[in-house]
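Here is the structure we will look at, set down as structure tokens.
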Amino acid sequence: MIDIKTVRNNPEVLKKALENRHAKFDIDGFLALDEKRRGLLVEVEQLKNKQNTNSKLIPQYKKEGKDVSALMEEMKALSDAIKELDAKVNAIDEEIEKIVYTIPNIPNETVPVGASDSDNLEMRRWEEPRKFEFEPKAHWDIGESLGILDFSTAGKVTGARFTFYKGLGARLERALVNFMLDLHIEKHGYTEVFPPFMVHRNSMVGTGQLPKFEEDAFKVWGTEYFLIPTAEVPVTNMYREQILDLKDLPIKHAAYSACFRAEAGAAGRDTRGLIRQHQFNKVELVKFCLPETSYDELESLTKDAEEVLQLLGLPYRVVKLCTGDLGFSSAMTYDLEVWMPSYNRYVEISSCSNFESFQARRAGIRFRRGPKDKPEFVHTLNGSGVAVGRTTACILETYQQPDGSVKIPEPLIKYMNGIDVIK
RNA sequence: GGAGAGAUGGUCGAGUUGGUUUAAGGCACCGGUCUUGAAAACCGGCGUAGGUGUGAGCCUACCGUGAGUUCGAAUCUCACUCUCUCCGCCA
């Protein structure tokens, strides 16, 4: 969440930010509420002070044998008044909280103002898309004819937007997970984490998925647990309500997880293949760092993700999301979009974001510059490093051959136990 | 799933016949004295959040979480969460 003091002291900044995001929000109403709250707070705290003072007199008077009945009467009145005021303050607090948790982050100044993904800013491209000397097939056709992807059986067993990977398809998916993790752990200096795939409500609030986007998440029936939509949620929340040691920063984690998304509102979109599934695999990169380094960390995190695609030889481009396309919690996001031959366009395969203090404030993740210094919120970042299912799809399409077989990119061959082609 | 024990500031830990405890004390940490330097010793400081004030400061809340009893709760009641021990079951 954003800092309430930002709302108070710089309402214009926030108004502009929300306007750019096309988010409607009554800031003046909020400010009035905040002022009312502070007024009541002063009042009730004075009464509590009186109550505390009197409370010390009672045992003293009793000891001295004085009559305390008048004092007790006063205390009773105080108590009633305090309860009444406390209830008012609590009601306002709840209202304020409800509002503040649904305000999106303020975009960084360099984020282009725009309405939709068509206003995103292309930063760079890597390699040209492959030119096919034959009619390329889509990955769902390749996968089915090779017997390595089975969508209809998944439909029978579970439902739409699920997939069975079989044989070398399953092997390829697993090889990609290991390849990506090894790259980030051994070369890029991330510490591996294997997180729980379910979390409780507070964790979902901490990273910003709740309370606003509950319909996007799967909740486990009979429990208060949610299936994670990304490893970002458990990994970021590892440090919730903690003051981190300065010497440990930046903290860098790489985590594999399955990801579960209800995809509410995506009905009819990307219905074929691996692109939009209710369950998919992802290797996620998460960083915790000092505020002044977070934008450098975003650049390096993005490059870490890019290297996956470069090593696999998958042409891609990097775009900076505009204000209209930016995620709720993010201050700035680079998307990596890989060339998907079947779509004949670039498709998102990684999203690298700097949340600044937005998540840290929600989750209470802080650090101290020196022993005497006040705790400050860290900045959190994360990015896909990268989405595994989409990578599999892209490899099948990009490395397909006229005879229907698929070559395995060189760096994956050792993870495939020497297998260099799926046929 | 059953039985029992527990959860207090960065950490250990006292406080649990409700009220002069304002959450003691140790360790760690920070500053100082001493020392060539360090250690030790001694002195002082040392939680978080919110509010208020130009300021020193003052006030309020917080003892796992949430309700409740009471004029007053770390302390009493209830529910829940988590940890530990034992038993059962299980990959």
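Each chain gets a letter, A, B and so on, in the order its sequence line appears, and its residues count up from 1.
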Whole angstroms only, please: what is the CD-C1' distance between A:Glu376 and B:U48?
15 Å

Can you tell me how far C1' in B:G6 sits from the matching atom in B:C80, rounded to whole Å?
16 Å

Looking at A:Lys50, I want to see if its NZ is surrounded by more than 12 non-hydrogen atoms of other residues, nucleotides or ligands under 6.0 Å.
no

Any idea which of B:C71, B:U48, B:G51 is nearest the A:Lys374 side chain?
B:U48

Separation between the C1' atoms of B:C43 and B:U48, rounded to whole Å
27 Å

Side chain to side chain, A:Ile349 and A:Leu309, heavy atoms closer than 4.5 Å:
yes

Heavy atoms from C-beta onward define the side chain here; which of B:U52, B:C71, B:C82 lies closest to that of A:Tyr225?
B:C82

B:A3 and B:U65, which share atom name P, separated by this distance in whole Å
26 Å

For a quick test of reading the model: is some side-chain N or O of A:Arg8 closer than 4.0 Å to OP1 or OP2 of B:G51?
yes

Among B:C71, B:A61, B:G51, find the nucleotide with the atom closest to the side chain of A:Ile58.
B:C71

The Watson-Crick or G-U wobble partner of B:U21, with both key distances under 3.5 Å, is none

Any idea which of B:U52, B:G50, B:C71 is nearest the A:Gln51 side chain?
B:C71

Counting just side-chain N and O atoms, does A:Asn49 come under 4.0 Å of either OP1 or OP2 of B:U60?
yes

Identify the nucleotide, in any strand shown, that forms a Watson-Crick or G-U wobble pair with B:U35, with both distances under 3.5 Å; if there is none, say none.
none

A:Ile82 CD1 - B:U70 P separation (whole Å):
15 Å

Which of B:A61, B:G19, B:U52 is nearest the side chain of A:Val42? It is B:U52

Tell me whether the side-chain N/O atoms of A:Ser79 come closer than 4.0 Å to OP1 or OP2 in B:G72.
yes

Nearest-nucleotide pick for A:Arg366, side chain only, options being B:U60, B:U48, B:G72
B:U48

N or O in side chain of A:Arg368 less than 4.0 angstrom from B:U48 OP1/OP2:
yes

Is there a donor and acceptor pair, one atom on the side chain of A:Glu45 and one on the base of B:G50, closer than 3.5 Å?
yes

Base partner of B:U70, which must satisfy Watson-Crick or wobble distances under 3.5 Å
none

What integer number of Å spans the P atoms of B:G26 and B:G44?
11 Å

A:Asn237 and A:Ala363 have their tightest heavy-atom pair at OD1-CB, 4.1 Å

Nucleotide forming a Watson-Crick or wobble pair with B:U83, both distances under 3.5 Å:
B:A5

Grab the CD-P distance between A:Gln60 and B:U21 for me, whole Å please.
12 Å

A:Lys62 NZ to B:C71 P: how many Å, rounded?
11 Å

B:A61 pairs with which nucleotide, Watson-Crick or G-U wobble, both distances below 3.5 Å?
B:U48

With a 3.5 Å limit on both atom pairs, tell me what B:U11 is paired to, counting Watson-Crick and G-U wobble, or say none.
B:G26

I want to confirm an ordering. Mapping A:Asp3 and A:Lys83 to their closest nucleotides on RNA chain B, which one lands closer to the 5' end?
A:Asp3

Roughly how many Å is it from CD1 in A:Ile96 to C1' in B:G51, rounded to a whole number?
13 Å

Rounding to the closest angstrom, what is the interatomic distance between B:C46 and B:C58 at atom P?
11 Å

Look at the aromatic rings of A:Phe25 and A:Phe30 and report parallel, tilted or perpendicular, splitting at 30° and 60°.
tilted

Length of the CG-C1' vector between A:Leu47 and B:C71, whole Å:
14 Å

Taking only the side-chain heavy atoms of A:Leu41 (C-beta and beyond), determine which of B:U48, B:G51, B:C82 contains the nearest atom.
B:G51

Please tell me whether A:His379 and A:Glu297 have a donor and an acceptor in their side chains that are separated by less than 3.5 angstrom.
no

Determine the Euclidean distance between corresponding P atoms of B:G64 and B:A74; express it in Å to zero decimal places.
10 Å

d(CD, A:Glu224; P, B:U81) in whole Å:
10 Å

Only pairs with both distances under 3.5 Å count, Watson-Crick or wobble alike; so what is the partner of B:U54 in this structure?
none

With a 4.0 Å limit, can you tell me whether A:Asn52 has a side-chain N or O closer than that to the phosphate oxygens OP1/OP2 of B:U22?
no

With rounding to whole Å, what would you report as the distance between B:C84 and B:C59 at their P atoms?
42 Å

Checking side-chain hydrogen bond (donor to acceptor under 3.5 Å, both in side chains) against A:Tyr334, which of A:Lys303, A:Glu306, A:Lys320, A:Glu299 comes through?
A:Glu299

Give the minimum heavy-atom separation between A:Ser330 and A:Arg21, together with the two atoms involved.
O-NH2, 2.7 Å

Sorted by position of nearest nucleotide on RNA chain B, 5' first, the leading residue of A:Asp34 and A:Lys50 is A:Asp34

Would you call A:Asp245 and A:Lys247 a salt bridge, using N to O less than 4.0 angstrom?
yes

Whole-angstrom distance between B:U22 and B:U81, as gauged at atom C1':
31 Å

Rounded to the nearest Å, what distance is computed from the CD atom of residue A:Gln46 to the C1' atom of nucleotide B:U60?
11 Å

